[in-house]
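By convention here, the first residue in the shown sequence is residue 1.
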Amino acid sequence: MRIEEEVLQGYLLKEETLKDNGFIFDNGRYYKKYPIFNGDFYAEISFFKGKIKGRMIDTSFDDEYVLFNNENSTGEFVGRLREEYKKILIELRDKCYRKALFPDFQAERIAKYIEKTYGDKPEFLWEKYPYFGIFRNKNNNKWYALIGRVDDDKLGKGIKGRTTLNLKANPDLYDELVNTDNIFQGWHMNKKSWITVSLSDYLPDEYIFSLIDMSYQEIDKLKLSKTYNRKRVRNNKNK
């Protein structure tokens with residue numbers, strides 16, 4: 001795993017904060033140089049379209065120290081450089097990032113759309129899966145969306161793992177939808193009525209928003225779920 005992924009996983013860049021923290025904007029990218037070991041090296045961190053890239057430069061030769069990014073390179077000196085770089089990333093994370101609800105930009109945009117449109121925030125029900133969030137219809141307490149993550153081959157042989165969105169489909173549209181690229185039969189759901197939609201920008205936001213609206217309306221038709229009195233259950237359990 002790259003150092004950037006290790007430190008920044010689960011965080012989202014607040015790009016508007018970069019200039020206030022010393023980054024220079026030039027030719028479509030932000031960049032900043034951090035001196036290391038009294039200026040013998042410097043780490044150059046840049047952002048282009050929100051994606052981070054780090055390089056280590058040896059000032060004696062004004063050239064990139066390529067062993068730094070080679071995961072197979074070991075040794076005390078390379079290790080010390082990486083530790084210094086990690087400290088820089090942690091400081092950058094604290095100043096220019098925010099904790100993400102989901103480690104996927106499109107999933108974050110979807111969560112914002114749902115909250116703005118329906119007033120619902122994700123519920124994270126499983127400690128083992130911290131980025132699996134469900135959205136519940138307030139009228140009947142039923143789920144209408146689930147953001148999660150599937151591993152390689154779970155959606156079909158040869159299909160790479162990805163962040164996904166489970167939605168309830170209109171029965172008249174189901175066959176058409178599951179024959180659309182990057183939409184599959186519902187994973188871990190009823191495959192006759194649920195679909196699994198690929199996130200991570202496989203499909204445009206506006207199209208996915210329309211599928212969310214469809215799912216919400218399908219779930220909204222259902223009767224109110226029968227809920228139990230949690231306090232009463234606890235009291236009976238302790239008797």
Would you say [X] and [Y] make side-chain contact, with heavy atoms under 4.5 Å?
X: Asn170; Y: Glu218; answer: yes
X: Thr180; Y: Ile195; answer: no
X: Ile45; Y: Glu4; answer: no
X: Asn69; Y: Met56; answer: no
X: Leu81; Y: Phe41; answer: yes
X: Ile114; Y: Ile110; answer: yes

Quick one: list whatever passes side-chain hydrogen bond (donor to acceptor under 3.5 Å, both in side chains) with [X], sequence neighbours left out.
X: Ser198; value: Arg162
X: Arg55; value: Glu44
X: Tyr131; value: none
X: Thr117; value: none

Under the salt bridge (charged side-chain N to carboxylate O under 4.0 Å, His left out) test, residues paired with [X] that sit two or more places apart:
X: Asp201; answer: Arg109
X: Lys86; answer: Glu6
X: Arg80; answer: none
X: Lys95; answer: Glu91

At what distance, to the nearest 0.5 angstrom, does [atom1] of [X] lie from [atom2] of [Y]?
X: Lys51; Y: Ser46; atom1: NZ; atom2: OG; result: 12.5 Å
X: Phe135; Y: Glu123; atom1: CZ; atom2: CD; result: 9.5 Å
X: Lys32; Y: Phe47; atom1: NZ; atom2: CZ; result: 10.5 Å
X: Gln106; Y: Leu203; atom1: CD; atom2: CG; result: 7.0 Å

Taking [X] for the side chain and [Y] for the main chain, is one N or O donor matched with an acceptor at less than 3.5 Å?
X: Ser215; Y: Ile212; result: no
X: Asp58; Y: Glu64; result: no
X: Arg93; Y: Leu8; result: no
X: Thr196; Y: Phe184; result: no
X: Lys138; Y: Tyr118; result: yes
X: Thr59; Y: Asp40; result: yes

message: Once ring pair (Phe, Tyr, Trp, His ring centres under 6.0 Å) is applied, do any residues pair with Phe37, and if so which ones, sequence neighbours excluded?
response: Phe77

- prompt: Quick one: ring pair (Phe, Tyr, Trp, His ring centres under 6.0 Å) partners of Tyr202, sequence neighbours excluded?
  reply: none

message: Take a 6.0 Å sphere around NZ of Lys192 and say whether it holds more than 12 heavy atoms from other residues, nucleotides or ligands.
response: no

message: Can you confirm whether the side chains of Asp94 and Tyr11 place a donor and an acceptor under 3.5 Å from each other?
response: no

task: Would you kindly say whether Asp220 and Asn139 are connected by a side-chain donor-acceptor distance under 3.5 Å?
output: yes

task: May I ask whether Phe105 and Val7 are part of the same hydrophobic cluster, defined by side-chain heavy atoms of I, L, V, M, F, W, Y residues being less than 4.5 angstrom apart, directly or through others?
output: no

Cluster check Tyr42, Leu89: I/L/V/M/F/W/Y, side chain < 4.5 angstrom: no

Side-chain donor-acceptor distances from residues 143-151 under 3.5 Å, at least two apart:
{"from": "Tyr144", "atom 1": "OH", "to": "Asp120", "atom 2": "OD2", "distance (Å)": "2.6"}
{"from": "Arg149", "atom 1": "NH2", "to": "Gly161", "atom 2": "O", "distance (Å)": "3.4"}

Parallel, tilted or perpendicular, as decided by the 30° and 60° cut-offs, for the rings of Phe124 and Phe102: tilted

message: Assess the residue pair Tyr85 and Phe68 against the criterion (ring pair (Phe, Tyr, Trp, His ring centres under 6.0 Å)); give the C-alpha distance rounded to whole Å, side-chain angles, the decisive distance to 0.1 Å, and a yes or no.
response: CA-CA 10 Å; Tyr85 182 60; Phe68 175 76; 5.1 Å; yes

Under 3.5 Å, sequence neighbours excluded: what are the donor-acceptor pairs made by side chains of residues 13-28?
{"from": "Thr17", "atom 1": "OG1", "to": "Lys14", "atom 2": "O", "distance (Å)": "2.7"}
{"from": "Asn21", "atom 1": "ND2", "to": "Thr17", "atom 2": "O", "distance (Å)": "2.8"}

